[in-house]
Structures are given as structure tokens and as C-alpha cells.
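The structure appears right after this line, and notes come after that.
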Amino acid sequence: MRRLIETDISQPWRAEDVARHFAMSEASFRRWLAKSGPGFSQILLNTRLEKGLGMLQSTDTPISSIALECGFKTPSHFSEAFRKRFGLKPRSIRTAEF
């Protein structure tokens, strides 16, 4: 599922779309996810944040552009989610203030 999301990380993915890709009903897909760990929203968020982390570490792309490229609606939403997940502000990755 992560590989599918990574093919177009900025797409507004929905569980229904991913389920259809795997030839499953959305209900079956959600049940399968419930048995195997984190839910769809958490997997999507983590995939986007990890992609953003990689871009922060390997490119000079502005943080606001990274946020949008990773599927976040606003740079502030990206920054807040990033800080919650990694304990650092995205800017800290660039300036090595951690």
C-alpha cells in the first residue's frame, strides 16, 4: 500500500481508491488493515511525513513546496504533523538545531 501511495504522494488518496486498486471492497480493506496494525489514515500520514523527511534531508526544496508535494493542504499542517511525529520542526532538519 505504501508503494502505491508513493507513486503519487500528493494525490488526495482515499481508502476507497486504494481498496479498488487491490480489488477489495472498502469494508474488506479496512478490516484487513484493522487486523494488521495502523489504519489507512495513519499509514497515509506516515508515508507523507517520511517522504517529506527524505526531501528535507536530500534537497534544497523550500519547506512549503515539500509540504504541498507530499500532499499536505498547507505548510503549517505539514509542520505541525512533522513535529508531532518526529519531535522536531522541519526547519530543524535543515539547520541541524536538534
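For reference, positions follow the sequence shown, starting with 1. Basis for what follows: all heavy atoms, side chains included, without hydrogens, waters or symmetry-related copies.
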Can E69 and I66 be said to form a side chain to side chain contact (heavy atoms under 4.5 Å, CB included), step by step?
CA-CA 5 Å; E69 286 179 39; I66 290 173; 5.6 Å; no
N46/R2 under side chain to side chain contact (heavy atoms under 4.5 Å, CB included): CA gap, chis, key distance, verdict:
CA-CA 9 Å; N46 286 339; R2 289 177 64 98; 4.2 Å; yes
Can you check side chain to side chain contact (heavy atoms under 4.5 Å, CB included) on K51 and I5, steps first, answer last?
CA-CA 11 Å; K51 175 70 173 178; I5 293 168; over 6 Å; no
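The CG atom of L53 sits 9.0 Å away from the OG atom of S58 when rounded to the nearest 0.5 Å. For the atom pair CG (L45) and NE2 (H77), the distance works out to 7.0 Å, reported to the nearest 0.5 Å. For the atom pair CD of E6 and CD of E50, the computed distance is 8.5 Å after rounding to the nearest 0.5 Å. Separation of atoms CE (M55) and CG (D60) is listed at 11.0 Å; rounding is to 0.5 Å. With values rounded to the nearest 0.5 angstrom, Q11 atom CD is found 10.0 Å from L44 atom CG. Rounding to the nearest 0.5 Å gives a distance of 7.5 Å between CD of Q42 and CZ of R85.
Within 6.0 Å of the CG atom in D8, the count of heavy atoms belonging to other residues, nucleotides or ligands exceeds 12.
For the pair F86/I93, no side-chain contact is recorded, criterion being any heavy-atom separation below 4.5 Å from C-beta on. H21 places none of its side-chain heavy atoms less than 4.5 Å from the side chain of W13. Side-chain contact between D17 and R20 is present, with at least one heavy-atom pair separated by less than 4.5 Å.
A81 approaches L49 most closely through the heavy-atom pair O-CD1, 3.8 Å. Residues E26 and E16 share a closest heavy-atom pair of OE1-CB, 3.6 Å. The nearest pair of heavy atoms linking R94 to T61 is NH2-O, 2.7 Å. For P75 against S64, the heavy-atom pair with the smallest separation is CG-CB, 3.7 Å. What you find for L68 and F72 is that their closest heavy atoms are CD2-O, 3.4 Å. For the pair A19 and S25, the tightest heavy-atom approach, listed with the atom from each and the gap, is CB-O, 3.8 Å.
Using the six-membered ring where Trp is involved, F40 and F29 have ring planes that are perpendicular, over 60° apart on the 30 and 60° scheme. Taking the six-membered ring where the residue is Trp, F82 and F78 present tilted rings, their angle falling between 30° and 60°.
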